[in-house]
Participant: 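Below you will find the structure I want to go over with you.
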Protein chains: 2
Amino acid sequence: MARLPYACGLDAAVDLMGGKWKARILWQLHDGPHRFGELRRSLTGISEKMLIQQLRELEADELVHREVYREVPPKVEYSLTGFGATLNEALVPLGDWGHEHMARIEARRAAG
Amino acid sequence: MARLPYACGLDAAVDLMGGKWKARILWQLHDGPHRFGELRRSLTGISEKMLIQQLRELEADELVHREVYREVPPKVEYSLTGFGATLNEALVPLGDWGHEHMARIEARRAAG
DNA sequence: CGGTATCCGTTAAGATACTG
DNA sequence: CAGTATCTTAACGGATACCG
């Protein structure tokens, strides 16, 4: 079925940052560029495959910039674009909300 | 594999409102209770199955309240709980961001 | 009106091994 | 170090038909 146009801003935003990892990846980049390996260690539980896949999508959506340094050993740094930084700011209240209610949310999840 | 604890607030929040529909459903309820059929018509493109499934999950997470009126024909109203209202507020900046950048996001999506 | 039940294809996600 | 490749499972999303 043909994709419908976005119904609202939230629809568009969720399309870009939705899923299990993207918001957390953007979050990790808020304080400057990070290398692939740093991100992998920070994002506990992510597989290399998912990390690179999500980074590629974020790059295609112009939220993240990928800079390759031609060195040995190889070095690649990921950073927020200006566009990505604005999205990150819009995610702050959501992150705060989650932080504030984390105990409740964990408890509900544990309850099944 | 056993689920890890939430890594940050954003992780917990996305777990509750992530997916294609939940943010939009919460959004629709911001101005008061709505009936099942109203929501179905508002959320263009959603199937009845997805709508009821997402509503049940939102109810289980105490974000949405379900009120059944024993009438003929049947009437059920969904509304935000206090908890759901606070999440909705945290989503406002994200919705604004999406609205502001909608044209750009649509264009990227069209480009494939 | 407000759902259920069933079936089905697609996408997300994860484990593991391997490469330039 | 920063990825690729392959395979498998789980979750998401949708179509259709039916029910109280």
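Everything numeric here is computed off the predicted structure, so don't read it as measured data.
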Participant: Tell me the interatomic distance from B:I52, atom CD1, to D:dG14, atom P, rounded to whole angstroms.
Facilitator: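 Value for this atom pair: 16 Å.
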Participant: Closest approach to the side chain of B:Y78, judged atom by atom: which nucleotide of C:dC7, D:dA2, C:dG3 is it?
Facilitator: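 For B:Y78, the side-chain atoms sit closest to C:dG3.
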Participant: Establish, with yes or no, whether the OP1 or OP2 oxygen of C:dG3 is under 4.0 angstrom from a side-chain nitrogen or oxygen of B:R66.
Facilitator: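 Checking C:dG3 against B:R66, a side-chain N or O does come within under 4.0 Å of OP1 or OP2.
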Participant: Ignoring the backbone of A:K20, work out which of C:dA13, D:dA2, C:dG3 is nearest its side chain.
Facilitator: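 Closest nucleotide to the A:K20 side chain: C:dA13.
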Participant: May I have the distance from A:Y69 (atom OH) to D:dG3 (atom C1'), rounded to whole angstrom?
Facilitator: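 Value for this atom pair: 18 Å.
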Participant: To the nearest Å, how far apart are B:K75 NZ and D:dG20 C1'?
Facilitator: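 From B:K75 NZ to D:dG20 C1': 19 Å.
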Participant: Please give, in whole Å, the distance from D:dT16 C1' to B:I46 CD1?
Facilitator: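 Those two atoms, CD1 and C1', are 17 Å apart.
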Participant: Using a 4.5 Å cut-off on heavy atoms from C-beta on, say whether the side chain of B:T86 contacts that of A:H101.
Facilitator: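 Yes, their side chains come closer than 4.5 Å.
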Participant: To the nearest 0.5 angstrom, please state how far the CG atom of A:N88 sits from the CG atom of A:L29.
Facilitator: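 Between atom CG of A:N88 and atom CG of A:L29 there are 7.5 Å.
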Participant: For A:L43 and D:dA2, give me the distance from atom CG to atom P, rounded to whole Å.
Facilitator: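 My rounded result for the distance is 14 Å.
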Participant: Nearest to the side chain of B:W21 - C:dA13, D:dG13, D:dA2?
Facilitator: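 Closest of the options to the side chain of B:W21: D:dG13.
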Participant: How many Å lie between CD on B:Q53 and P on C:dG3, as a whole number?
Facilitator: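 Distance, rounded to whole Å: 14 Å.
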Participant: Pick base, sugar-phosphate or nothing for B:R35, based on heavy-atom distances below 4.0 Å to the nucleic acid.
Facilitator: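 Here B:R35 touches the backbone only, sparing every base.
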Participant: Using whole Å, what does the distance between atom C1' of nucleotide D:dG3 and atom CG of A:L39 come to?
Facilitator: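 Roughly 13 Å, once rounded to whole Å.
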Participant: Taking B:R108 for its side chain and A:A60 for its backbone only, find out whether a donor-acceptor pair lies under 3.5 Å.
Facilitator: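 A pair under 3.5 Å: yes.
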Participant: Taking the minimum atom-to-atom distance to the side chain of A:P73, which one of D:dC1, C:dA15, C:dG3 wins?
Facilitator: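 Closest of the options to the side chain of A:P73: D:dC1.
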Participant: Nearest heavy atom decides the nucleotide; on that basis, is A:P74 or A:K49 closer to the 5' end of DNA chain C?
Facilitator: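 Whichever sits nearer the 5' end wins; that is A:K49.
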Participant: Ignoring hydrogens and geometry beyond distance, is a side-chain donor-acceptor pair present between A:Y69 and A:E77 at under 3.5 Å?
Facilitator: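 Short answer, yes.
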Participant: Which listed nucleotide (C:dG14, C:dG3, D:dG14) is nearest to the side chain of B:M50?
Facilitator: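 Shortest atom-to-atom distance from the side chain points to D:dG14.
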Participant: Within this structure, what is the CD-to-P distance between B:E67 and C:dG2, rounded to whole angstrom?
Facilitator: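 Rounding to the nearest Å, CD of B:E67 and P of C:dG2 are 14 Å apart.
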Participant: Which one, D:dG3, C:dC1, D:dG14, comes nearest to the side chain of A:R56?
Facilitator: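 Looking only at heavy atoms from C-beta outward on A:R56, the closest nucleotide is D:dG3.
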Participant: Less than 4.5 Å apart, side chain to side chain, heavy atoms only: is that true for A:W97 and A:I105?
Facilitator: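 SC-SC contact between A:W97 and A:I105 confirmed.
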